[in-house]
2 protein chains.
Amino acid sequence: MAVTIKDVAKMAGVSPSTVSRVLSNHPRISAETSRKVKDVMEELGYHPNIMAKSLVSKTTNTICVLLPKPAEELFSNLFFMELIRGIVAQANRAGYDVLLSSGSSEKEELGAVSRLLNGRRVDGAILLYSRKDDPVVDFLLEHGYPFTLIGRSEEHPDILTVDTDNVQAAYDATKHLITMGHERIGFVSGPPNLVVSQDRLLGYRLAMADSELEVRPEWIVEGEFLQESGYRAMSFIMNLPARPTALVVVDDMVSFGVLRGLHELKYKVPDDLGIVSFNNIPLSELSTPPISSIDIGIYHLGYTASQLLIQAIQNDGAGYQPVRQVIPHRLIVRESSAFAVPRK
Amino acid sequence: MAVTIKDVAKMAGVSPSTVSRVLSNHPRISAETSRKVKDVMEELGYHPNIMAKSLVSKTTNTICVLLPKPAEELFSNLFFMELIRGIVAQANRAGYDVLLSSGSSEKEELGAVSRLLNGRRVDGAILLYSRKDDPVVDFLLEHGYPFTLIGRSEEHPDILTVDTDNVQAAYDATKHLITMGHERIGFVSGPPNLVVSQDRLLGYRLAMADSELEVRPEWIVEGEFLQESGYRAMSFIMNLPARPTALVVVDDMVSFGVLRGLHELKYKVPDDLGIVSFNNIPLSELSTPPISSIDIGIYHLGYTASQLLIQAIQNDGAGYQPVRQVIPHRLIVRESSAFAVPRK
DNA sequence: TCCTTTAGTGAAACCGTTTGCCCTTATCTT
DNA sequence: AAGATAAGGGCAAACGGTTTCACTAAAGGA
């Protein structure tokens, strides 16, 4: 049987309340008593029971990270790993624990959220990315639970979010290729129902328009955030009669697919096709060739999401206003866009 | 104010005890009462308070994953991602939540473990890999907390572990290269104080000995589980007067480093250097060229670790005997070891 | 018909903390 | 010197469940 606050109290010759107050540094405890109690705690190896504490304080010092439904595959993406790493680092620093939760179906997903939040097991949640009409967002909003969304919600512009300026990022990426001498530039996009896909596509279009370059519809290919998509997009694009000399690719994983396909077909990067993509996951610099990528500060994104969530939790009710925080990005130029060899 | 068991009881015209029993499917509740109570729960939107439940049941239905100290870098390794993915999947299936915990220093690490276990916030822990003389292992053992170690402990052979037969795996990898016609084979190892490094090195030696092939000391290079190590190992080895024609590499991430270096120096894989490595992380097939790798079933490893831990928790005390479970591995042959071009 | 089972439920104690309120002393005020 | 104030602690009631025990009513046994 574990040693409780009462055991300490008895041994120190004080009441349980006093021990509790020592624990929370209550001002009305004399230095002497505090000393004495702490000694006893040490001696007995006392550790406060977190559950009991949570029960009465109605706060768990725990947040949860909700892995999106198709987590099974996506989870393999280093992107999420980095995100979680940032979240955990900041949460731990702030004295919070992080619970990981995934559901294999949408129903399960909602069930898990409901169990965790309604069951008062966690104080708030982080959503790793934004889908359209996300029922989880609706649920959280409806119940007034604190949460941070990584990304941007079209339906709910006024919730707590941490995001990249994806339009600008894509603009920058595209401009970079243009600067390197490319004129025929394609775009490999993600699922059209993800806000991030839309934003990046828009940025690409803006940059092309600004430079008065033509954008042919067949140069824009949609897919998933998976390498297979990149592979497919690549074969489609390389078979076009007038094919682009460079590609803006929505995600590094997708670029890996493109790269692999090109390698199989004996094409050279960047000579035959320049590439720049997004996210700059830790492996972007390790591929052959290393991929130029927009660094969106994934770790930082997670770190900030965690920070804001905890702030929201702690100021809940106190007229807390949700924020939309934008994390700056920057282009990392590597070999995949090294120099232009425009072909006519 | 959230709706409690008492509210339900009042509304349903029964006692709280009855509601509680309905919740836990107690056999001695009439179908009629059960029906009635459940309706009321539904109507009121009742959700049991998990903390309260934990307090009295002295069980949290939560396990924690302890990220090793230098997690900051290692965490970027897809290996851990896969592991965690497996752990979470199985835990959730068994009705357990997973808490992620990392400490930036060894002291913090132990503090975290102690807080979580002693504070009764989690029922058990999973250690992601085994270090020599791990103080965390000592702590857990000393207090009798259930835990699973992924890997193998030299000091404590009789604890619950899930592992790969790394000796055999390395043997297989090496034999494969030999079968492909290689005779001069080197080995890029990990930190010497990790059991896994030792075991794999041993397997390599055994295979070489079995085939009566020479192993030159300079063909064995130690490093970290990081790509930089691979890069360094590569440049060292390629500068040897009589260099190997193939390499067994202790981890895929390290192979990426090797690959990158070779690419920079315009060497071809597998023509100039055959490579086979371990773990088969999801990116192994995406590199250029794709890496032959021993698939150790990372996900499965995590899944099993979780499963065994939960078993141990549930049978704790009931004469539970720790197990050492070995997950089978298999070689995935890809381009990096495609066919031998032995050089004299 | 009377006694023992058995099924179904309620009462109350308890899990380990926190905290509002009250009660002592010791220290000031005037 | 006596009432007021302040400082330091203790009591007991929550927090939201679970579980032992006791109780009632119906059923079964002799």
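Note that the structure is predicted; figures quoted are calculated from it, not measured. So you know, we letter chains A, B, ... as the sequences are listed, proteins then strands, and number each from 1.
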Visitor: When the nearest nucleotide of DNA chain D is assigned to Ala31(A) and to Leu55(A) on a heavy-atom basis, which residue is associated with the more 5' position?
Guide: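 Looking at the nearest nucleotide for each, Ala31(A) comes out on the 5' side.
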Visitor: By the 4.0 Å heavy-atom rule, please label His47(A) as base, sugar-phosphate, or nothing.
Guide: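 Contact class for His47(A): sugar-phosphate only.
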Visitor: Between Ser24(A) and dT18(C), is there a contact of a side-chain N or O with OP1 or OP2 at under 4.0 Å?
Guide: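 So the side-chain polar atoms of Ser24(A) never come under 4.0 Å of the phosphate oxygens OP1 or OP2 of dT18(C).
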Visitor: If you look at every strand shown and take non-hydrogen atoms under 4.0 Å, does Val14(A) touch a base, only sugar-phosphate, or nothing?
Guide: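 Val14(A): backbone/sugar contact only, no base atoms under 4.0 Å.
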Visitor: How close or far is atom P of dG10(D) from atom CZ of Arg28(A), stated in whole angstroms?
Guide: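 Distance, rounded to whole Å: 12 Å.
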Visitor: Does OP1 or OP2 of dG8(D) have a side-chain N or O of Thr18(A) closer than 4.0 Å?
Guide: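 For Thr18(A), the contact criterion (side-chain N or O under 4.0 Å from OP1 or OP2 of dG8(D)) is not met.
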Visitor: If you compare every side-chain N and O of Thr4(B) against the phosphate oxygens of dG16(D) (OP1, OP2), does one of them come in below 4.0 Å?
Guide: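 It does not, given that no N or O in the side chain of Thr4(B) lies less than 4.0 Å from OP1 or OP2 of dG16(D).
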Visitor: When all nucleic acid strands are considered with a 4.0 Å heavy-atom cut-off, which category describes Ile29(B): base, sugar-phosphate, or nothing?
Guide: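 Result for Ile29(B) = sugar-phosphate.
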Visitor: What's the closest nucleotide to the side chain of Ser17(A) if the choices are dG10(D), dA11(C), dG17(D)?
Guide: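 Ranking dG10(D), dA11(C), dG17(D) by closest atom to the Ser17(A) side chain puts dG10(D) first.
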Visitor: Are OP1 or OP2 of dG10(D) and a side-chain N or O of Ser15(A) less than 4.0 angstrom apart?
Guide: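 So the side-chain polar atoms of Ser15(A) do come within 4.0 Å of the phosphate oxygens OP1 or OP2 of dG10(D), strictly under.
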Visitor: State whether Lys58(B) places a side-chain N or O below 4.0 Å from either non-bridging phosphate oxygen (OP1 or OP2) of dG16(C).
Guide: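 Yes, within the criterion.
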Visitor: Is the phosphate of dC15(D) approached by Ser54(A) (side-chain N or O, under 4.0 Å from OP1 or OP2)?
Guide: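 Answer no for this pair, as no side-chain N or O of Ser54(A) is under 4.0 Å from OP1 or OP2.
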Visitor: Can you identify which nucleotide, out of dC15(C), dT20(D), dT19(C), has its nearest atom closest to the Arg21(A) side chain?
Guide: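 Taking heavy atoms from C-beta onward, the closest nucleotide is dT19(C).
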Visitor: Between Ser57(B) and Pro16(B), name the one whose nearest nucleotide on DNA chain C is closer to the 5' end.
Guide: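 It is Pro16(B), whose closest nucleotide lies nearer the 5' terminus.
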Visitor: For the side chain of Val56(A), starting at C-beta, report the closest nucleotide among dT18(D), dG16(C), dT9(C).
Guide: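 Out of dT18(D), dG16(C), dT9(C), the nucleotide with an atom closest to Val56(A)'s side chain is dG16(C).
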